[in-house]
2 protein chains.
Amino acid sequence: MNGTRQFHLLAGRGSDPSARSDEAIYQALWEAIVEHRLVPGARLPEDALASAFGVSRTTIRRVLQRLALEQLVTLKSHRGARIASPGPGEARDVFNARVILEDALLGEVMKRINGSDLEDLEQIAREEQSAERERAIRLSARFHSRLMAIAGNESLSDTLSQLLSRSSLIIAIYGRGQTGCTCEHPELVALLRAGDSDAARHWMRHHLHDIEAGLDFDADGDALPDFENLFGHHRGRSVS
Amino acid sequence: MNGTRQFHLLAGRGSDPSARSDEAIYQALWEAIVEHRLVPGARLPEDALASAFGVSRTTIRRVLQRLALEQLVTLKSHRGARIASPGPGEARDVFNARVILEDALLGEVMKRINGSDLEDLEQIAREEQSAERERAIRLSARFHSRLMAIAGNESLSDTLSQLLSRSSLIIAIYGRGQTGCTCEHPELVALLRAGDSDAARHWMRHHLHDIEAGLDFDADGDALPDFENLFGHHRGRSVS
DNA sequence: GGCAGCTCTTTTGTATACAAAATAATATCA
DNA sequence: TGATATTATTTTGTATACAAAAGAGCTGCC
């Protein structure tokens, strides 16, 4: 058992293990990260990934470097790659960035939004409500992404996509069970439909602050598991 | 002559050619790009760069990939790397992104700016005025970078830095001689000092629109040189 | 003279080999 | 027994080897 086993299911179901392009490997790892199947801090040994995906370390390293530049993975010299584990400071930075950026983009969105956009958004928001946690997180991100794409700026849409991925990591670390948001997106759609720009932007700022407020930054990411809580009831007993 | 010669002077003056870290090579190429010593569309053969920097292609490829992810370089399969040459659409996207982002960030800046910030900015703006073209472009970027850093958000500062680098490329292609801006930055410093947030933001939007308006998108980047203009006066003569 | 097809050269893409660093395991000694 | 030093193993970082693709040059043909 060389550690490959644990990455097998990321490598795609059944299809030819070789001939997978960079993009496919990137996609597989990205999904595993934002879906919390790879938790923050998890090691990503190059050999294991290489054999799991049926490529050489050369290819794996390239993908890992890309993920590192997007801050979903941290690379330490001679110490390998791990799923990134942003601290409270970085987490706050990400949400602060989202407040600033999404507020600004929403201003543009309100100038351009049309019926087809509203339909798509309503659709996503609906699905979101009847989805379990992991799926809801992804749909929530898709909602924000689809909404801000209406602004029509690719550069900033890309930036937001990265912030959304990092948000998913942050929720994995500091989230307290809920999806991060209480899924109030349909409320926003109503405001968008009414064309009330100020109300929509005000709502969005509060929405993001709510998500951040729902995080527990005391539950330190790199901290040890809470042994007291996990094993406290063993106190005074023999370990069996 | 294997093509190495042309990259020699990027590799640093005199010091040990080997032992240059990724970061140093990245920096050298980045500077050459934003200073227009490598013009948009220029080829970047891996072998030439490798021997110029005294490293293997492995290292060069990693750096090129990073530059590609920042959209300063384009990588085409089996066709190698070139300095990126953003078309009019991408150019407009970049400046549109800057209008949205810098306007939003400036709102935060006005809440936090202090005397030390103002001094730094005034200093940069002053130097800018007595600098020749290439240096003025870099100082202008530094001015915007330093100003927006006051907002205190790392994620968005990084985003802006990338937009500024790409702006430099765009000016290299579509600029009409001027530095891109008419160096009105001292005007803005006055507004900042007065603490007039609305005026400052309004000024910034106009400033960025002015820069964009100063570009000539008809002068297509990938287009052939304007032979009519260059050699039209030869018409009817022998080529000697 | 100009164009099509072919060959040869150059350049990229991927895998592998090897050295150095870090981690794990073992042995030694107090 | 516990801590420390030493050795062995694993894992990363860089360079190189080799195959495939693109490009350049050449010959022959119309």
Side-chain angles (χ1 to χ4, degrees), chain A residues 1-7 10-12 15-29 38 41-69 72-84 222 224, chain B residues 1-7 10-12 15-29 38 41-69 72-84 222 239:
Chain A
M1 173 64 162
N2 54 7
T4 296
R5 196 65 55 80
Q6 61 184 128
F7 294 113
L10 301 182
S15 64
D16 182 16
S18 62
R20 281 192 147 275
S21 72
D22 275 32
E23 188 61 25
I25 297 175
Y26 168 82
Q27 208 67 32
L29 283 173
L38 287 173
R43 290 195 55 215
L44 300 169
E46 298 173 1
D47 262 327
L49 290 169
S51 58
F53 285 102
V55 296
S56 75
R57 282 175 50 217
T58 307
T59 304
I60 294 298
R61 286 186 126 245
R62 190 168 41 238
V63 173
L64 288 177
Q65 200 215 353
R66 176 168 169 196
L67 289 165
L69 289 171
L72 297 181
V73 156
T74 55
L75 293 177
K76 280 194 186 173
S77 187
H78 294 282
R79 219 158 294 184
R82 307 180 97 93
I83 304 295
D222 297 313
L224 296 166
Chain B
M1 174 63 165
N2 53 7
T4 296
R5 196 66 54 80
Q6 60 185 128
F7 294 112
L10 302 182
S15 63
D16 182 17
S18 63
R20 281 192 146 276
S21 73
D22 274 31
E23 188 61 26
I25 297 174
Y26 168 82
Q27 208 68 31
L29 283 172
L38 287 173
R43 292 195 53 216
L44 300 168
E46 299 173 1
D47 263 328
L49 290 169
S51 59
F53 285 103
V55 296
S56 75
R57 280 175 52 218
T58 307
T59 304
I60 294 298
R61 284 184 129 248
R62 191 168 40 238
V63 173
L64 289 177
Q65 200 215 354
R66 176 169 171 195
L67 289 165
L69 289 171
L72 298 179
V73 156
T74 55
L75 293 177
K76 280 195 186 173
S77 186
H78 293 283
R79 219 158 292 183
R82 292 175 174 279
I83 303 295
D222 296 315
V239 198

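These figures come from a predicted structure and were not determined experimentally. Throughout, a chain's letter reflects where its sequence line sits, starting with A, and its residues are numbered from 1.
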Every protein N/O within reach of nucleotides 5-9 of chain D N/O, cut-off under 3.5 Å:
none

Figure out the [atom1]/[atom2] separation between [X] and [N], and round it to whole Å.
X       : N      : atom1 : atom2 : result
A/Phe53 : C/dT14 : CZ    : P     : 15 Å
A/Ile60 : D/dT11 : CD1   : P     : 15 Å
A/Asp22 : C/dG13 : CG    : P     : 10 Å
A/Ile25 : C/dT14 : CD1   : P     : 10 Å
B/Arg61 : C/dT12 : CZ    : P     : 8 Å
A/Glu46 : C/dT14 : CD    : P     : 16 Å
A/Leu44 : D/dT11 : CG    : P     : 13 Å
B/Gln65 : C/dT14 : CD    : C1'   : 14 Å

Among all residues two or more places apart in sequence or in another chain, which pass the side-chain hydrogen bond (donor to acceptor under 3.5 Å, both in side chains) test with [X]?
X       : answer
B/Arg82 : none
B/Arg62 : B/Asp22
A/Gln65 : none

Please report the interatomic distance [atom1]([X]) to [atom2]([Y]), rounded to the nearest 0.5 Å.
X       : Y       : atom1 : atom2 : value
B/Thr58 : B/Glu46 : OG1   : CD    : 9.5 Å
B/Thr74 : B/Leu64 : OG1   : CG    : 10.5 Å
A/Leu29 : A/Leu44 : CG    : CG    : 7.0 Å

Which atom of B/Val63 lies closest to which atom of B/Tyr26, heavy atoms considered: CG1-CA, 3.7 Å
Per-nucleotide protein contact string for nucleotides 15-24 of chain D (B base, S sugar-phosphate only, - none; heavy atom under 4.0 Å): BB----SSS-
Non-neighbouring partners of A/Ala50 that pass side chain to side chain contact (heavy atoms under 4.5 Å, CB included), sequence neighbours left out: A/Arg57, A/Ile60
All salt bridge (Lys or Arg N to Asp or Glu O under 4.0 Å) counterparts of A/Arg66, not counting sequence neighbours: A/Glu23, A/Glu70
